[in-house]
Amino acid sequence: MDYTPHWAVVWRARDALLRGALVTLELTVLSMVIGTAIAVLLALGARSRRRPIVAACATWVEVARNTPALFQIYFAYFGLGSLGLHVSSFAAVLGALSFNNAGYMAEIIRGGLNAIPPTQRAAALSLGLRPAQVYRYVILPQVARIVYFPATNQLMWAMLNTSLGMTVGLHELSGATAFQQSLTFRAFEFFLVTAIIYYLLAKTLMLTTRAIGWRLLRD
């Protein structure tokens, strides 16, 4: 094999790669925050006595979990665009990943809610708390402790799914890498360095979330 790597071209493109990595982190964090907030509503809605609400929540979860994330991004960017609702590639990817995360997180949170004994809710109501206060002060804090670490797996999945943004022209880390290597034709060097960056990002996020969880959720 007669191939001589040229790492200097990657070094010269470091600013573009770092900007792409920052966009990747922004999408990961924002999509998880938005997705988790929606997931709480979906999980609570699934416990509603109103069948339309239950059906709407179940439909969201089923669609989010049983269609590819790439399809969801395409729908947000190209599908809505064909209806006259044009959004930026960043907004499309953020919306699609938030939709996807909400579906998966809703099931995680639902499992956490099912782990709380019903007697706790009854006891809180007997003390005079309103239903909303029961969830805010009694149920959801316990659910957070139960689902925190399983949710970190979804965080990793969200970060990896950000790479699909390159298909709609977004210069997150994968998009920035693909663009830079197309200018230099040094695919091996760029993709190897990018793989290392992804690995470091994943390990950093995992260690950070575990440290936060240990500090906030310890007994």
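Residue numbers run from 1 in the order of the sequence given. None of these values were measured; they are calculated from a predicted model.
Gly103 approaches Val61 most closely through the heavy-atom pair O-CG1, 3.8 Å. Annotation for Ile108 and Ala151: closest pair CD1-CA, 4.5 Å, computed over non-hydrogen atoms. For the residue pair Ser174 and Ser163, the shortest heavy atom distance occurs at OG-CB, 3.2 Å. Heavy atoms only, all atoms of each residue included: Ala76 and Val87 are closest at O-CG2, 3.6 Å. Between Thr24 and Met159, the shortest heavy-atom contact is CG2-CG, 4.0 Å. Listed here is the closest heavy atom pair of Ala176 and Ala16: CB-O, 3.7 Å.
With hydrophobic clusters built from ILVMFWY side chains whose heavy atoms lie under 4.5 angstrom apart, Leu80 does not share a cluster with Leu97. There is a path of hydrophobic side-chain contacts, each under 4.5 Å, that joins Leu44 to Ile109. Linking Ile, Leu, Val, Met, Phe, Trp and Tyr whenever their side-chain heavy atoms come within less than 4.5 Å puts Leu155 and Val143 in one cluster. Connection of Val63 to Val93 is established within a shared hydrophobic cluster, with ILVMFWY side chains joined at heavy-atom distances below 4.5 Å, either directly or through further cluster members. Follow the hydrophobic side-chain contacts under 4.5 Å out from Leu160 and you reach Leu201 in the same cluster.
Two residues are said to be in side-chain contact when any heavy atoms from C-beta on lie closer than 4.5 Å; Ile116 and Ile146 meet this criterion. Looking at heavy atoms from C-beta onward, Leu22 lies out of side-chain contact with Leu18 at the 4.5 angstrom threshold. Val193 places a side-chain heavy atom less than 4.5 Å from the side chain of Trp7. In this structure, Phe190 and Thr184 have side chains that are in contact, with non-hydrogen atoms separated by less than 4.5 Å. Side chains of Pro68 and Tyr74 form no contact here, defined as non-hydrogen atoms less than 4.5 Å apart. Side chains of Asn100 and Gln154 form a contact here, defined as non-hydrogen atoms less than 4.5 Å apart. A heavy-atom distance below 4.5 Å is found between the side chains of Met156 and Met206. Side-chain contact between Leu173 and Thr162 is absent, with no heavy atoms from C-beta onward closer than 4.5 Å.
If you take OG1 on Thr28 and CG on Asn101, they are separated by 9.0 Å, rounding to the nearest 0.5 Å. The distance from atom CD of Glu172 to atom CG of Leu25, rounded to the nearest 0.5 Å, is 11.5 Å. Distance check: Thr177 OG1 to Glu189 CD gives 12.5 Å after rounding to the nearest 0.5 Å. From Met32, atom CE reaches atom CH2 of Trp157 across 13.5 Å, with rounding to the nearest 0.5 Å. The distance from atom CD1 of Ile73 to atom CG of Leu94, rounded to the nearest 0.5 Å, is 10.5 Å. In this structure, CG on Leu41 lies 9.0 Å from CH2 on Trp60, to the nearest 0.5 angstrom.
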(request) Please step through side chain to side chain contact (heavy atoms under 4.5 Å, CB included) for the pair Ile139 and Leu113, ending with a clear verdict. (result) CA-CA 7 Å; Ile139 305 298; Leu113 288 170; 3.6 Å; yes
(message) Set out, in order, the CA-CA distance, both residues' side-chain angles and the distance that settles side chain to side chain contact (heavy atoms under 4.5 Å, CB included) for Arg47 and Asn114, then state yes or no.
(response) CA-CA 10 Å; Arg47 300 163 70 92; Asn114 290 338; 3.4 Å; yes
(request) Determine, stepwise, if the pair Leu17 / Val10 fulfils side chain to side chain contact (heavy atoms under 4.5 Å, CB included). (result) CA-CA 9 Å; Leu17 297 182; Val10 181; 4.0 Å; yes
(message) Walk me through whether Arg12 and Val9 qualify under side chain to side chain contact (heavy atoms under 4.5 Å, CB included).
(response) CA-CA 5 Å; Arg12 287 196 293 269; Val9 295; 3.1 Å; yes
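Between the Ser126 side chain and the Ala123 main chain, a donor and an acceptor come within less than 3.5 Å of each other. The backbone N or O of Thr67 sits less than 3.5 Å from a side-chain atom of Gln72, completing a donor-acceptor pair. Using a distance-only test at 3.5 Å, with no hydrogens or angles considered, no donor-acceptor pair links the side chain of Gln120 to the main chain of Pro117.
Residue-environment remark: CZ (Arg65) exceeds the threshold of 12 foreign heavy atoms within 6.0 Å. Around atom OH of Tyr148, more than 12 heavy atoms belonging to other residues, nucleotides or ligands sit under 6.0 Å away. Shown here is Trp11, whose CH2 atom has no more than 12 heavy atoms of other residues, nucleotides or ligands within 6.0 Å.
Relative ring orientation between Phe188 and Tyr3 is described as perpendicular, the plane-to-plane angle rising above 60° on a 0-90° scale split at 30° and 60°.
For the 3.5 Å distance criterion, the side chains of Tyr77 and Thr167 fail to qualify, holding no donor opposite an acceptor.
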